[in-house]
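Remarks on the structure that follows.
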Amino acid sequence: MSPIDDGTLVNLERQYASGLTSGDLIDVCASHGIQLSEATLRKYVQLGLLPRSVRVGRKVLYRKDAVRDWLCEQEARKTGAHRAVAARR
């Protein structure tokens, strides 16, 4: 898994300024070593681990701030730093 630094997050936010589709989110996760399928994405939303999506026209989008927080949490869990992330909340 490659680390997600602030510069990478800023670039992702610029690239997906209007939000991410579920496919975009899966691709971004895969590029950083986080395995996520469409079914897992739906299940995480259902369980409240990911925020609910927002429908804009025909597109279903995820808010970038919520996705950023989730990506940072996932990275922290992989590196064992998840306790530090939880403590910051």
Side-chain angles (χ1 to χ4, degrees):
M1 180 179 79
S2 60
I4 305 170
D5 58 37
D6 287 337
T8 302
L9 289 172
V10 168
N11 288 338
L12 286 170
E13 288 174 347
R14 282 190 200 126
Q15 185 178 358
Y16 299 102
S18 62
L20 290 96
T21 64
S22 57
D24 293 337
L25 181 56
I26 291 168
D27 292 342
V28 167
C29 289
S31 69
H32 294 310
I34 301 169
Q35 293 182 351
L36 184 69
S37 68
E38 185 76 34
T40 301
L41 178 64
R42 283 193 305 270
K43 189 64 165 181
Y44 282 4
V45 170
Q46 202 174 40
L47 293 172
L49 299 173
L50 275 175
R52 298 235 175 249
S53 58
V54 177
R55 184 170 292 277
V56 179
R58 293 182 181 198
K59 288 186 175 183
V60 176
L61 302 173
Y62 294 86
R63 296 184 190 279
K64 62 183 177 182
D65 292 338
V67 172
R68 179 185 185 146
D69 292 343
W70 181 79
L71 281 171
C72 288
E73 243 179 57
Q74 293 306 302
E75 181 182 50
R77 287 184 189 281
K78 292 280 187 176
T79 61
H82 61 283
R83 290 178 185 90
V85 171
R88 282 187 259 158
R89 289 184 175 180

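Nothing here was measured: the structure is a model prediction, and the numbers come from that model. Numbers for residues simply follow the sequence, beginning at 1.
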Query raised in the report: Which heavy atom of I26 sits nearest a heavy atom of L36, and at what distance?
Result: CG2-O, 3.3 Å

Report task. Could you pull out all residues at least two apart from R14 that satisfy side-chain contact (heavy atoms from CB on, under 4.5 Å)? Result -> V10, N11

Query - side chain to side chain donor-acceptor pair (under 3.5 Å) involving E13 - partner list, sequence neighbours excluded - result: R68

**Report entry** All side-chain contact (heavy atoms from CB on, under 4.5 Å) counterparts of D24, not counting sequence neighbours
**Finding:** Y16, L20, T21

Query raised in the report: L12 versus H32: any side-chain heavy-atom pair under 4.5 Å?
Result: yes

Requested in this report: Apply side-chain contact (heavy atoms from CB on, under 4.5 Å) to A39 and list each qualifying residue two or more places apart in sequence or on a separate chain.
Outcome: S37, R42

